[in-house]
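Just below is one structure, and these are the notes that go with it.
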Amino acid sequence: MRVIRGKRECPFAWRVRIAAREKDLPFEWMPFDDGGTTWKSPTLIEDGFQLTESLVIIQYLDEAFPERPLQALGARERAQMRLRMAELGAFEKEEKFSPGYEALEPMLADGRTWLGGDGPDLSDVAVWPFLAQLEKGGHPIPDDLKHATAYWTRARDRDSLVSTRPR
Ligand SMILES: N[C@@H](CCC(=O)N[C@@H](CS)C(=O)NCC(=O)O)C(=O)O
């Protein structure tokens with residue numbers, strides 16, 4: 001039994017649900033929006049095992065369940081993925097969406113389909129909820145960032161994102 005708890009609109013909780021979907025791992029989503037709760041958003045619960053911090057959770061899920069991997073095997077590729085996640089962490093501060101967009105564009109400039117290459121990796125999954133919420137909030141990717149714009153056109157319709165969208 002796997003449960004993901006979190007605030008309904010929380011982008012950090014959304015990235016955990018996306019990662020679970022990408023890996024085809026079943027889970028129950030139990031949103032809470034009670035200000036008095038002591039739960040952290042997000043929290044993963046698996047048979048008594050509890051974990052917080054969205055990036056820790058998605059790395060755990062990928063390592064615990066090796067099917068449908070969301071990380072490259074090589075240490076260098078994994079380091080580059082973690083560097084992307086660190087740089088795209090700019091999106092996590094609401095006022096920092098311009099630096100986030102500026103960081104995203106060159107990561108895609110070699111024409112790759114996903115940040116992870118031919119398939120999405122954890123850096124893709126981690127950034128999608130923020131791109132979605134910025135678009136919804138009236139701060140879409142600037143038109144002149146061609147690679148980032150094309151990337152988001154591909155990502156926004158991905159089943160893992162659409163099927164886990166907060167509602
Ligand atoms: N670094 C944390 C950030 C989680 C976070 O900021 N969650 C927000 C909701 S989206 C939260 O619970 N903030 C504290 C609060 O609202 O009391 C993670 O990646 O999981």
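Whatever order the structure lists them in is the order used to number ligands and atoms, beginning at 1.
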- Item | Of all pairs that satisfy side-chain hydrogen bond (donor to acceptor under 3.5 Å, both in side chains), the ones with a partner from residues 69-80, not counting sequence neighbours | D62-Q71

Give the table of side-chain donor-acceptor pairs shorter than 3.5 Å for residues 99-109, with sequence neighbours excluded, one pair per line with atom names and distance.
residue: Y101; atom: OH; partner: H139; partner atom: O; Å: 2.6
residue: E105; atom: OE1; partner: H147; partner atom: N; Å: 3.3
residue: E105; atom: OE1; partner: A148; partner atom: N; Å: 2.8
residue: E105; atom: OE2; partner: K146; partner atom: N; Å: 3.4
residue: E105; atom: OE2; partner: H147; partner atom: N; Å: 3.1
residue: E105; atom: OE2; partner: H147; partner atom: ND1; Å: 3.0

- Value rounded to 0.5 Å, distance of CZ in R15 from CD1 in I58: 6.0 Å

- Sole candidate of R17, R68, R158 that passes side chain to side chain donor-acceptor pair (under 3.5 Å) when paired with E22: R158

- Task: Could you pull out all residues at least two apart from K40 that satisfy side chain to side chain contact (heavy atoms under 4.5 Å, CB included)?
- Result: T43, T52

- I would like to know whether L61 and F27 meet side chain to side chain contact (heavy atoms under 4.5 Å, CB included); could you show each step before the answer? CA-CA 12 Å; L61 289 175; F27 64 89; over 6 Å; no

Output block, N or O contacts of ligand 1, threshold 3.5 Å exclusive:
residue: ligand 1; atom: 1 (N); partner: E53; partner atom: OE1; Å: 2.8
residue: ligand 1; atom: 1 (N); partner: E53; partner atom: OE2; Å: 3.4
residue: ligand 1; atom: 7 (N); partner: S41; partner atom: O; Å: 3.0
residue: ligand 1; atom: 16 (O); partner: K7; partner atom: NZ; Å: 2.5
residue: ligand 1; atom: 19 (O); partner: S54; partner atom: N; Å: 3.3
residue: ligand 1; atom: 19 (O); partner: S54; partner atom: OG; Å: 2.6
residue: ligand 1; atom: 20 (O); partner: S54; partner atom: N; Å: 2.9

